[in-house]
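Remember, it's a predicted structure, so these values are computed and weren't measured experimentally. If you read the sequence from its start, that first residue is 1, and numbering goes on from there.
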Amino acid sequence: MRVLDDLRPYQHRLSQRLLEEFGEKPGSLLAVDMGLGKTVTTATAIRWLLASCQVRRVLIVAPLRVAQKTWPDEFSEWRHLRPLHWHGLAGKIGQKLTPAQRRKLLEDFLADPRSEIAIINRENVVWLYKTLQEMRVPWPFDVLVYDESSRLKEGKKRTGSKNLSEFGVYAKVRKGMDYVIELTGTPTPKGLIDLWGQIVVIDLGARLGTTKKAFLSRWFESDYMGWTYTPFPHSEKEILDRISDITVSMKARDYIDLPPVVSS
C-alpha cells in the first residue's frame with residue numbers, strides 16, 4: 001500500500017496549493033497530462049480539507065468507469081486516503097443501477113453521519129439534483145470535483161425543470177458551494193472557445209463573462225451565419241492571462257523522467 005510520502009514532490013506541492021487557496025480563490029482548473037497523478041493529488045487535497053473541518057461534504061463527478069473504479073481504487077490504495085468515508089452513487093463496473101437502487105445509495109449517503117464524499121457519473125447529475133428536491137433535502141455539498149472538465153465546454157445552461165441540463169444544475173447550485181476543482185488532460189480540445197464553460201463553473205463568470213454570448217463577442221470573430229468563431233490575434237494572451245491565477249498546467253515531459261535511449 002502506498003503512503004503519503006510516496007507522493008511525488010510536485011503532487012505534494014499541488015495538493016498543498018489547493019488547500020492553501022481554499023477560501024481565497026473559487027477553485028482551480030488542473031490541466032494535467034495523463035500519468036501525472038492528478039486523481040491522487042486532488043484526493044489528498046480533499047483529505048486535508050475534510051480533516052481541517054473546512055469542508056463537510058464533497059461531490060465528485062466523473063465519467064462512468066472513472067466514477068466506478070478509478071476514484072474508489074485511489075481511495076483504497078493510499079493509506080492516507082483510507083480514512084475517507086465515501087459512497088459510490090454510480091454502482092460497480094458492469095452494474096446498471098435501477099432508479100430505486102441509486103436512490104437507496106443516495107439515502108444511505110445522506111443518512112450516514114460520517115459520509116464525506118459522494119461519487120457519481122455525469123449522466124446522473126440531473127437525477128441527483130431532482131431527487132434531492134423530491135426528498136426536500138438542500139444541496140449538501142461544499143465542494144465539487146469535476147473529472148474530465150472539457151465535457152463542460154458547451155456550457156448549455158438549461159435550467160427549466162423539464163429540460164434541465166447538467167450545466168444548468170451547476171448554475172443553480174454553484175453559489176452554495178465553496179470550491180470547485182476541475183481535472184482535465186485537454187482543456188481546449190477544439191480551441192480557446194472550450195474554456196468558457198469550464199471557467200464559469202469555477203468563478204461564476206468573474207474572469208471570462210457570465211454568458212457565453214458575451215465571451216464570444218469579446219474575443220472571437222464569427223462568420224456571417226454565426227457557425228464558426230475565430231479568436232482575434234490578442235484573444236489567446238488575454239484569455240490565458242485572465243484565468244492564470246486559477247489554472248495549473250502540467251506537461252508529462254516536464255515531470256516524468258524517461259530512461260535514456262539505447263541505440264541498437
Side-chain angles (χ1 to χ4, degrees), residues 1-19 27-51 55-97 101-102 104-106 108-110 112 114-125 127-128 140-152 166 179-187 248 250-252 255-257:
M1 178 179 291
R2 290 177 287 182
V3 299
L4 182 61
D5 287 344
D6 290 332
L7 287 178
R8 297 166 184 167
Y10 69 83
Q11 293 172 328
H12 198 283
R13 289 194 300 270
L14 182 50
S15 296
Q16 189 66 37
R17 171 177 170 169
L18 293 172
L19 175 66
S28 188
L29 171 64
L30 308 185
V32 177
D33 276 356
M34 184 182 298
L36 293 182
K38 54 182 175 288
T39 305
V40 68
T41 298
T42 304
T44 300
I46 291 171
R47 172 75 174 89
W48 291 341
L49 284 169
L50 289 164
V55 169
R56 182 166 178 263
R57 280 177 169 168
V58 176
L59 177 66
I60 297 175
V61 179
L64 181 59
R65 185 175 179 85
V66 176
Q68 291 176 328
K69 181 168 174 59
T70 303
W71 282 93
D73 283 355
E74 293 291 89
F75 290 145
S76 66
E77 291 174 4
W78 291 83
R79 181 173 296 166
H80 69 287
L81 301 180
R82 281 208 158 187
L84 292 169
H85 296 285
W86 60 273
H87 290 245
L89 305 183
K92 300 179 180 179
I93 292 289
Q95 182 182 18
K96 293 184 179 180
L97 295 174
Q101 289 173 322
R102 186 174 291 107
K104 180 63 167 57
L105 292 174
L106 176 59
D108 291 345
F109 169 78
L110 295 171
D112 184 352
R114 304 172 305 160
S115 64
E116 298 171 313
I117 299 170
I119 310 171
I120 196 168
N121 56 308
R122 59 184 297 269
E123 292 83 2
N124 282 305
V125 169
W127 168 88
L128 174 64
F141 304 104
D142 309 305
V143 172
L144 169 67
V145 175
Y146 198 101
D147 205 340
E148 299 298 340
S149 65
S150 59
R151 294 171 182 265
L152 294 170
E166 180 198 3
Y179 207 53
V180 174
I181 302 172
E182 295 179 358
L183 315 178
T184 183
T186 52
V248 177
M250 298 174 66
K251 297 295 184 183
Y255 292 92
I256 295 181
D257 294 328

Next item on the list: Return the minimal non-hydrogen interatomic distance between T42 and K38, and the atom names on each side.
Entry: OG1-O, 2.8 Å
Next item on the list: Could you tell me whether the side chain of L84 reaches within less than 4.5 Å of the side chain of R47, counting heavy atoms only?
Entry: yes
Next item on the list: Step through it carefully: locate the ring centre of F141, locate the ring centre of Y146, and say whether they are under 6.0 Å apart.
Entry: no
Check: Rounded to the nearest 0.5 Å, how far apart are CG of L4 and CG of L81?
Finding: 8.5 Å
Check: Out of curiosity, I117 CD1 to H85 NE2, how far, rounded to the nearest 0.5 Å?
Finding: 10.0 Å
Notebook entry, point to check: Rounded to the nearest 0.5 Å, what separation is found between the CZ atom of R122 and the CG atom of L64?
Noted result: 11.5 Å
Next item on the list: Carefully, step by step, assess M250 and D33 under the rule side chain to side chain contact (heavy atoms under 4.5 Å, CB included).
Entry: CA-CA 6 Å; M250 298 174 66; D33 276 356; over 6 Å; no
Check: Quick check: does any side chain N or O of Q11 sit under 3.5 Å from a backbone N or O of L36, one acting as donor and the other as acceptor?
Finding: yes
Checklist line | Any donor-acceptor pair under 3.5 Å from D142 side chain to V55 backbone | finding: no
Next item on the list: Not counting sequence neighbours, which residues clear side chain to side chain donor-acceptor pair (under 3.5 Å) with N124? List them please.
Entry: N121
Notebook entry, point to check: Is there a donor-acceptor contact under 3.5 Å from the side chain of D73 to the main chain of T70?
Noted result: no
Check: Hey, what do you get for CG (L50) to CH2 (W86), rounding to the nearest 0.5 Å?
Finding: 15.0 Å
Note to self: Determine whether L59 and V125 satisfy the following criterion, side chain to side chain contact (heavy atoms under 4.5 Å, CB included), listing intermediate values before the conclusion.
What the structure shows: CA-CA 10 Å; L59 177 66; V125 169; 5.5 Å; no
Notebook entry, point to check: Does a side-chain heavy-atom distance below 4.5 Å link L30 with R17?
Noted result: no
Checklist line | Validation row: L14, V248 side chains within 4.5 angstrom (heavy atoms) | finding: yes
Margin query: Tell me which pairs pass salt bridge (Lys or Arg N to Asp or Glu O under 4.0 Å) where either residue lies in residues 76-89, with sequence neighbours left out.
Written below: R2-E77
Notebook entry, point to check: How far does CE of M34 sit from OG1 of T184, to the nearest 0.5 angstrom?
Noted result: 10.0 Å
Checklist line | Side-chain heavy atoms of P63 within contact of R151, under 4.5 Å | finding: yes
Notebook entry, point to check: What is the minimum heavy-atom distance between S115 and F109, and which atoms define it?
Noted result: OG-O, 2.8 Å
Item checked: Main-chain N/O of T41 paired with S15 side-chain donor or acceptor, under 3.5 Å -> yes
Note to self: Return the CD1 to CD1 distance between I119 and I60, rounded to the nearest 0.5 Å.
What the structure shows: 5.0 Å
Notebook entry, point to check: If you look at every heavy atom in V66 and P72, which pair is closest and at what distance?
Noted result: O-CD, 4.2 Å
Checklist line | Heavy-atom pair of closest approach, residues E166 and V61 | finding: OE2-CG1, 4.1 Å
Notebook entry, point to check: In terms of ring plane angle, is the pair W71 and F75 parallel, tilted or perpendicular, where the classes change at 30° and 60°?
Noted result: tilted
Check: Do L18 and W48 have side chains that get closer than 4.5 Å, going by heavy atoms?
Finding: no
Note to self: Show the nearest heavy-atom pair for residues T39 and E74, with the distance to one decimal.
What the structure shows: CG2-CG, 3.6 Å
